[in-house]
**Student:** 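Input: one structure, supplied below.
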Amino acid sequence: GQRREEKENVNPSSAVMVSFKSFQLELDTRHDKYERLVKLSRDITIESKRTIFLLHRFISAPNGGEILNESEVKLDGVRRKIKQVAQELIGEDMYQFHRAISPGLQEYLQRSQDFSTSNSHDKQPHTCSLKVTPVDYLLGVADLTGELMRLCISSVGNGDIDTPFELSQFLRQIYDGFTFIGNTGPYEVSKKLYTLKQSLAKVENACYTLKVRGSEIPKHMLADVFSTKTELIDQEEGLS
Amino acid sequence: GQRREEKENVNPSSAVMVSFKSFQLELDTRHDKYERLVKLSRDITIESKRTIFLLHRFISAPNGGEILNESEVKLDGVRRKIKQVAQELIGEDMYQFHRAISPGLQEYLQRSQDFSTSNSHDKQPHTCSLKVTPVDYLLGVADLTGELMRLCISSVGNGDIDTPFELSQFLRQIYDGFTFIGNTGPYEVSKKLYTLKQSLAKVENACYTLKVRGSEIPKHMLADVFSTKTELIDQEEGLS
Amino acid sequence: MSVSEMFIALQSVLTADQDIREEIRREVQALEQTAREMLTLLQGVHQGPGLQDVPKKCQKAREHFGTVRTQLESLKTKFPADQYYRFHEHWRFVLQRLVFLAAFVVYLESESLVTREAVAEILGIEADRERGFHLDIEDYLSGVLTLASELARLAVNSVTAGDYSRPLRISTFINELDSGFRLLNLKNDSLRKRYDGLKYDVKKIEEVVYDLSIRGLNKEATGGAGGEK
Amino acid sequence: MSVSEMFIALQSVLTADQDIREEIRREVQALEQTAREMLTLLQGVHQGPGLQDVPKKCQKAREHFGTVRTQLESLKTKFPADQYYRFHEHWRFVLQRLVFLAAFVVYLESESLVTREAVAEILGIEADRERGFHLDIEDYLSGVLTLASELARLAVNSVTAGDYSRPLRISTFINELDSGFRLLNLKNDSLRKRYDGLKYDVKKIEEVVYDLSIRGLNKEATGGAGGEK
Amino acid sequence: MSVSEMFIALQSVLTADQDIREEIRREVQALEQTAREMLTLLQGVHQGPGLQDVPKKCQKAREHFGTVRTQLESLKTKFPADQYYRFHEHWRFVLQRLVFLAAFVVYLESESLVTREAVAEILGIEADRERGFHLDIEDYLSGVLTLASELARLAVNSVTAGDYSRPLRISTFINELDSGFRLLNLKNDSLRKRYDGLKYDVKKIEEVVYDLSIRGLNKEATGGAGGEK
Amino acid sequence: MSVSEMFIALQSVLTADQDIREEIRREVQALEQTAREMLTLLQGVHQGPGLQDVPKKCQKAREHFGTVRTQLESLKTKFPADQYYRFHEHWRFVLQRLVFLAAFVVYLESESLVTREAVAEILGIEADRERGFHLDIEDYLSGVLTLASELARLAVNSVTAGDYSRPLRISTFINELDSGFRLLNLKNDSLRKRYDGLKYDVKKIEEVVYDLSIRGLNKEATGGAGGEK
Amino acid sequence: MSVSEMFIALQSVLTADQDIREEIRREVQALEQTAREMLTLLQGVHQGPGLQDVPKKCQKAREHFGTVRTQLESLKTKFPADQYYRFHEHWRFVLQRLVFLAAFVVYLESESLVTREAVAEILGIEADRERGFHLDIEDYLSGVLTLASELARLAVNSVTAGDYSRPLRISTFINELDSGFRLLNLKNDSLRKRYDGLKYDVKKIEEVVYDLSIRGLNKEATGGAGGEK
Amino acid sequence: MSVSEMFIALQSVLTADQDIREEIRREVQALEQTAREMLTLLQGVHQGPGLQDVPKKCQKAREHFGTVRTQLESLKTKFPADQYYRFHEHWRFVLQRLVFLAAFVVYLESESLVTREAVAEILGIEADRERGFHLDIEDYLSGVLTLASELARLAVNSVTAGDYSRPLRISTFINELDSGFRLLNLKNDSLRKRYDGLKYDVKKIEEVVYDLSIRGLNKEATGGAGGEK
Ligand SMILES: [Mn+2]
Ligand SMILES: [Mn+2]
């Protein structure tokens with residue numbers, strides 16, 4: 001091969017080079033911020049999920065302050081992270097970084113609704129300077145129904161036969177709501193309809209089973225059932 | 001609906017509950033470590049990519065220590081992160097967390113090979129306590145060929161007509177090597193073959209163009225070319 | 001080292017890796033065969049007369065675990081000790097199945113939950129990662145979840161076989177297990193999915209217990225089962 | 001607020017959102033139409049006699065930018081000012097194209113790179129995010145990359161039209177641009193991909209310059225072009 | 001005619017086509033809105049007390065069909081009658097949904113399968129291709145399959161609401177439907193796939209009937225329901 | 001031979017192959033039609049009075065198998081005998097369905113599992129690969145698995161029809177089948193997946209038997225069914 | 001009408017539809033065969049001596065169009081005239097190919113763009129939707145885009161064959177076409193994507209012209225070609 | 001015969017089948033290794049000096065074919081001759097690759113297209129289905145298409161290596177191949193898709209010839225090459 005002269009160098013202090021240096025700074029700053037937000041979102045997701053598990057524990061065994069305390073600690077952690085996100089976004093257009101923070105926010109929303117459904121101490125949403133888009137809200141709600149379905153099945157397993165009927169009522173309303181919205185929302189929302197339908201079917205089936213098996217009481221040894229019931233109520237009172 | 005008694009609670013200090021409490025700790029610790037490694041891997045990827053850009057700048061405009069210094073600083077940062085990864089993995093089976101760290105490591109490998117191909121100061125690989133799997137190594141090499149292809153096209157644009165021929169030689173060897181390995185490796189490796197083939201084709205086409213256009217010199221105003229060449233060489237000397 | 005020498009070296013590494021995987025696969029197949037035989041053996045408890053000879057079935061199963069230990073011993077020799085997780089996927093499934101089988105046998109014998117340490121011992125492997133070929137915690141938990149759904153089935157079939165006390169005991173056992181699992185923070189992975197199934201097992205057992213109690217068969221059971229066990 | 005009221009409220013929000021998007025789409029279509037007309041106008045420079053009336057073409061293009069400004073003015077009114085990035089995808093493509101057109105006109109007029117501030121002014125929008133509907137930096141850069149490949153094509157067609165000096169000037173310009181882009185740390189996104197294309201444009205122009213130089217046409221050019229410009 | 005004149009003429013054809021599609025889309029959106037409202041209305045039957053006011057719900061739905069007819073009437077005017085299949089994809093989905101809604105209402109009213117002719121009449125369109133805007137046979141069948149899975153859900157929820165006779169009647173109906181579908185030789189892939197789902201609906205309903213039978217609730221039902229229906 | 005002559009020769013081979021496939025497809029369609037008719041016929045057993053005329057239904061089905069034999073005879077003539085596996089995919093699905101139908105008829109007649117040899121005879125084909133158009137072992141197994149899930153459904157519907165003994169007999173049969181399958185080391189993915197479904201059929205039937213047991217209906221059944229069978 | 005009678009009626013409609021599709025498919029296959037033969041014939045112009053007997057090739061191609069007309073005539077009879085768009089997908093592809101072939105022949109004969117009306121006439125179909133089996137506008141445009149890339153190839157091969165004037169004329173023609181397309185506001189995705197390819201054809205041809213210019217071969221060409229054309 | 005005996009018999013058939021597949025896989029792996037070595041060897045022709053020792057490379061490749069024949073001979077013994085298509089998928093890919101390698105060697109030696117018969121002979125297998133382990137026609141065509149794209153690459157690299165005559169000869173060859181393929185009516189999807197790629201190879205080679213022509217290098221080539229060939 002033959003070697004030819006290399007081109008003359010570009011003057012590094014020309015106007016073009018100067019402005020591209022500023023572009024470099026601007027882009028790097030933006031990417032760095034995006035990265036920080038992705039990391040915060042991951043943390044929020046994980047901690048929110050853990051709080052949900054904590055609440056399921058509380059619901060199944062409401063034996064006290066310990067779990068509630070623990071959940072308060074966790075919640076504080078999540079709120080701190082959310083505050084960090086809010087700080088990162090001060091003066092920014094949040095939609096610019098929406099993709100980075102959306103998963104974490106949805107998981108958090110789900111958690112906080114779950115919490116307020118089951119715990120009346122804490123019904124008002126936490127004030128933080130983050131705006132939640134309706135789509136994120138809907139997706140959070142859809143995800144919540146999955147947790148509620150799990151709660152319903154657990155309730156039946158724990159012998160609690162009121163919760164399923166209440167939950168089926170509530171889930172049906174949400175399902176009807178999603179049906180009403182249908183495909184007017186973005187694709188992600190209509191995609192959730194299918195999962196939602198399945199969750200609802202599980203809850204409806206659970207109620208059906210309760211009803212069907214309940215139908216047998218009167219005919220078989222009715223008295224016996226009543227005595228058992230009294231017995232157990234006594235026991236329960238003894239415990240509390 | 002009718003309400004039935006809830007079940008008696010499980011004794012929280014039973015053997016089963018105690019062991020599950022320890023499982024909780026173990027799983028959380030593992031997940032937390034995984035998360036930390038994912039974050040480190042993201043950082044390594046980003047910083048490695050930036051170092052590659054820095055080196056492309058150096059190659060096109062080798063005007064000095066400034067860029068080399070900058071790249072040393074960046075490299076130190078990456079090495080620090082890698083050390084952190086290594087520390088996280090002390091006493092662990094690295095394959096357990098392989099999925100978390102693999103992307104960052106591949107990008108780093110690519111960068112460090114790129115560097116050593118183009119800069120003779122620093123040929124020996126950095127010693128770090130991390131073992132690199134052959135597959136990660138191969139994937140890093142395959143990714144490197146993409147950067148080399150870019151370097152080749154840039155070289156032609158800069159009037160450097162030796163580099164392409166050298167690079168085509170080198171890339172062909174790598175391509176032949178991958179062909180030789182073929183489908184004996186895992187899927188990810190054979191998948192790279194296609195991209196590699198395309199990169200090679202681009203470099204071979206660049207060489208072809210150089211050859212074809214070079215073929216015209218002798219016939220058209222040969223003397224003139226020589227004089228231009230001398231002129232430019234003079235200019236160049238004047239500059240240096 | 002030239003480029004082509006390097007690739008020849010790399011290929012030999014890759015080939016060696018594939019050979020290891022081939023050998024592992026063969027060992028795992030043998031393990032699967034043993035596991036299948038044990039499963040057929042233990043499935044017997046679901047059928048009418050099966051509940052009677054539980055002790056005998058358990059004893060036979062214990063013998064099979066001897067074979068399992070030999071096979072796992074052989075598996076260990078096929079790859080470097082510190083690369084467990086490199087090949088984990090190969091034996092993950094069969095190991096979960098073996099955990100289930102061990103947990104099932106232990107349950108049938110003593111109606112208690114086998115600990116991780118105890119499973120490891122039954123299988124002749126370690127409970128602790130540092131000490132060699134070990135039982136990953138998620139594989140242990142997964143095997144335990146299989147036990148839960150097997151017990152739900154057993155509760156149903158016990159009633160068919162006329163044993164009304166067993167479902168009540170299973171119910172207590174499975175409730176404790178459920179509380180245990182509730183303590184865990186599971187990721188959205190296969191374990192989480194399998195854990196969601198536990199809720200249905202608990203529900204099924206609760207239904208059996210309910211069916212017994214509205215017929216007053218639970219008391220009969222508590223009485224009758226005392227002697228039986 | 002009942003659940004069903006809530007969903008009615010949500011749907012009205014979603015519908016409003018869709019209406020906004022519909023209106024934005026309409027505005028963007030009008031912008032695309034104007035952009036297409038400008039493109040047809042400026043494409044004329046590639047053809048034989050086209051290079052002669054560059055100034056006239058630029059003047060006409062400048063008039064089109066008046067329309068563009070009105071259309072962008074109207075676009076701005078269709079959505080809340082602080083939700084630029086919510087709807088960004090809708091106008092991203094056409095804005096990049098307009099940046100290119102502005103950059104092409106400015107290049108043809110003065111053979112210099114239009115700054116981000118200058119493009120913003122030509123389009124009647126802001127260069128700075130805080131101040132309102134603005135030009136995103138990546139869209140600016142993307143438009144500039146389109147200019148590069150248009151100039152590579154222009155270098156080729158200049159030679160056909162007998163203008164041997166223009167390719168040399170384009171070469172200098174594009175080299176500076178290339179150096180500028182090299183300063184950027186691009187992610188693996190669409191901008192990075194488009195930037196990879198710049199290398200081929202630089203290469204193409206270098207080939208034209210080479211073809212001219214081996215025929216001594218570059219000198220002739222330098223002489224002749226001095227007066228032309 | 002110059003090339004550019006020719007393309008101007010072509011563009012006017014294309015524009016006309018795009019305008020038609022735009023108008024169709026608007027009409028279809030309105031239809032979807034009505035369909036969604038009807039769906040929300042009819043889903044009420046699954047709610048506990050919903051089964052009581054079935055007649056009222058059906059009557060309301062019938063009123064909605066008035067709106068549907070007006071909207072379909074308007075849709076028909078948007079394109080030449082012989083180009084039904086050119087634009088079929090636009091309204092295909094909503095038409096299937098409307099077929100389902102009509103079939104559901106008719107089932108709730110009379111527990112019979114609506115014929116294609118009857119659906120066409122309810123929707124104010126033709127059953128016969130030759131006579132104008134019609135109901136494609138595959139769209140009809142698709143809507144009927146949706147009915148089947150809705151009825152499976154209704155069977156479950158009827159029991160929960162204490163109506164034990166409905167599932168038995170649904171079972172008979174769905175079996176007849178299944179036999180009907182087995183007479184068809186379906187080639188259309190999406191329809192065939194949906195038909196495979198019918199099998200699950202049949203099974204689900206059979207299991208509901210089973211649950212009632214084993215508890216003797218089916219007899220109770222037949223008794224009570226005789227008067228109700 | 002020139003390149004073009006060579007390709008003309010190749011085309012004639014390709015054409016012949018396409019013609020064979022076309023003819024095979026036609027025969028397979030006819031078979032599918034017959035299979036669909038038999039299915040409709042046998043589905044009758046699930047409905048109320050259907051269980052009474054099982055023998056008559058079986059006899060009619062046997063007549064259909066006469067048609068099947070003729071159609072398979074014709075299919076065989078469409079391609080060279082040693083290219084069975086070249087075209088296997090074409091008839092694979094319908095053959096599995098026919099195996100199921102034969103197995104169902106045989107079960108209904110004698111409550112036993114049809115052997116591969118017996119199915120082959122019913123279909124008028126070979127059980128043995130070497131002897132001509134035969135029944136592939138995997139297709140046989142696949143058809144048998146379909147029988148299992150049909151029997152799970154039959155167990156449910158028998159109870160509805162008041163036949164309490166049949167589920168017990170089905171339970172025994174399906175358990176035997178399950179043990180049989182556990183002897184196999186299945187590699188074939190689709191078969192393995194279908195086999196996983198067997199587990200659910202077994203469980204379903206066990207639950208039916210449970211429902212009968214807890215209500216004491218199983219004893220009633222054994223009494224009543226002794227005479228019936 | 002019972003459900004089963006209703007489904008029997010539906011099946012007869014479905015069968016009729018399937019038969020139509022089968023017949024259409026057969027006709028389309030014949031058309032594809034003719035199109036392939038014409039393509040082979042016209043590909044000859046790319047090879048060395050091919051450019052000399054262009055007129056003869058065109059004449060032969062014209063004869064093939066006779067066959068095409070007969071085949072299209074037959075195709076038309078296979079389905080009701082007002083259901084063009086119901087079956088459009090079947091012949092869409094081959095029709096686009098035939099448009100290309102007609103456009104190529106016309107270009108070779110007269111170096112002009114065939115109009116939609118002219119293509120329709122060559123193919124013996126209608127240009128106008130209302131008048132019967134017609135040429136859809138998008139299919140026409142798609143065929144024309146194929147012509148553009150064929151001409152880019154022809155420009156390259158003309159130079160190889162020593163004809164230096166043809167590329168210049170092709171360049172003018174393709175530029176006109178490009179301007180024409182820029183007048184269109186394409187929504188159709190597949191067409192828009194194919195249109196994006198036109199840009200590359202334009203560029204390719206410009207580079208051929210450049211290669212001729214820088215070597216002074218374009219002047220030589222104009223001289224020599226004047227007589228040739 | 002009990003169910004379990006029957007399944008034991010079935011398992012022995014399944015095991016035999018799995019063993020055959022295992023052995024075939026091993027043979028195919030060996031073939032792949034040889035094919036990979038030949039490929040690495042022949043890719044040497046793309047290297048600068050590689051074109052000089054083409055004859056030597058071909059000779060070495062011929063020796064490798066000796067190994068291939070032995071390996072294929074061994075493969076044949078692993079399964080009954082009439083079950084070629086049962087296991088076809090296992091060796092299909094490697095056979096296509098071997099066809100390519102044979103076609104490449106033959107091209108390099110004599111610049112002609114290897115016939116199906118000749119490939120079969122080189123590989124030591126049959127061209128004719130009836131006579132035993134043969135070369136499927138689609139596999140032959142697929143291998144030939146791989147040759148085409150390899151030759152496109154060779155055309156480029158020949159020029160780089162200073163051999164200006166080879167591209168002209170490749171161009172003629174590939175055009176003949178293209179005409180040949182146009183005679184085929186391909187239904188096989190994967191083959192048809194691969195054939196679409198041939199078009200790009202043809203174009204690429206034409207551009208190489210163009211680049212040579214416009215610089216007068218083709219004449220130079222023909223002169224020099226006359227003696228070389
Ligand atoms: Mn969640
Ligand atoms: Mn990279």
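Lettering follows sequence order; numbering is per chain, from 1. Side chains included, hydrogens not; waters and symmetry mates left out as well; all remaining heavy atoms used.
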**Student:** Taking atom CD of Glu121(H) as the centre, does the number of heavy atoms from other residues, nucleotides or ligands within less than 6.0 Å exceed 12?
**Tutor:** no
**Student:** If you count heavy atoms of other groups shown closer than 6.0 angstrom to CZ of Arg25(H), is the number above 12?
**Tutor:**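 Counting neighbours around CZ of Arg25(H), more than 12 heavy atoms of other residues, nucleotides or ligands fall under 6.0 Å, so yes.
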**Student:** Under 4.5 Å from any heavy atom of chain F, what part of Val114(H) do you find: side chain, backbone, both or neither?
**Tutor:**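 Just its backbone gets close to chain F.
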**Student:** Rounded at 0.5 Å granularity, tell me how far CG in Leu141(H) sits from CG in Leu14(F).
**Tutor:**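 One gets 6.5 Å once the value is rounded to the nearest 0.5 Å.
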**Student:** Answer yes or no: are there more than 12 heavy-atom neighbours, outside Lys203(F) itself, under 6.0 Å from its atom NZ?
**Tutor:** no
**Student:** Within the supplied structure, the quantity of interest is the number of heavy atoms (other residues, nucleotides, ligands) at a distance under 6.0 Å from Arg97(H) CZ; does it exceed 12?
**Tutor:** no
**Student:** Suppose we screen for salt bridge (charged side-chain N to carboxylate O under 4.0 Å, His left out). Which residues come up paired with Glu150(H), at least two apart in sequence or across chains?
**Tutor:** none
**Student:** So which of Glu176(H), His88(H), Gln18(H) has the largest heavy-atom pair count under 4.5 angstrom toward chain F?
**Tutor:**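 If we count pairs closer than 4.5 Å to chain F, Gln18(H) comes out on top.
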**Student:** Looking only at heavy atoms, which of residues 177-186 of chain F get nearer than 4.5 Å to chain H?
**Tutor:** Leu177(F), Gly180(F), Phe181(F), Leu183(F), Leu184(F), Asn185(F), Leu186(F)
**Student:** Identify, with sequence neighbours excluded, every residue that meets side-chain contact (heavy atoms from CB on, under 4.5 Å) alongside Arg86(H).
**Tutor:**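 Arg86(H): side-chain contact (heavy atoms from CB on, under 4.5 Å) contacts with Tyr85(F), Arg129(F), Asp136(F), Asp17(H), Arg21(H), Gln83(H).
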**Student:** What part of Leu113(H) lies closer than 4.5 angstrom to a heavy atom of chain F: side chain, backbone, both or neither?
**Tutor:** side chain
**Student:** Could you grab the distance from atom CD1 of Ile137(H) to atom CD of Gln11(F), nearest 0.5 Å is fine?
**Tutor:**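 Those atoms lie 8.5 Å apart.
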**Student:** Which residue pairs pass the ring-ring contact (aromatic ring centres under 6.0 Å, His included) test when at least one of the two sits in residues 105-127 of chain H, sequence neighbours left out?
**Tutor:**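 Applying ring-ring contact (aromatic ring centres under 6.0 Å, His included) to every pair that reaches into residues 105-127 of chain H, excluding sequence neighbours, yields Tyr107(H)-Phe173(H).
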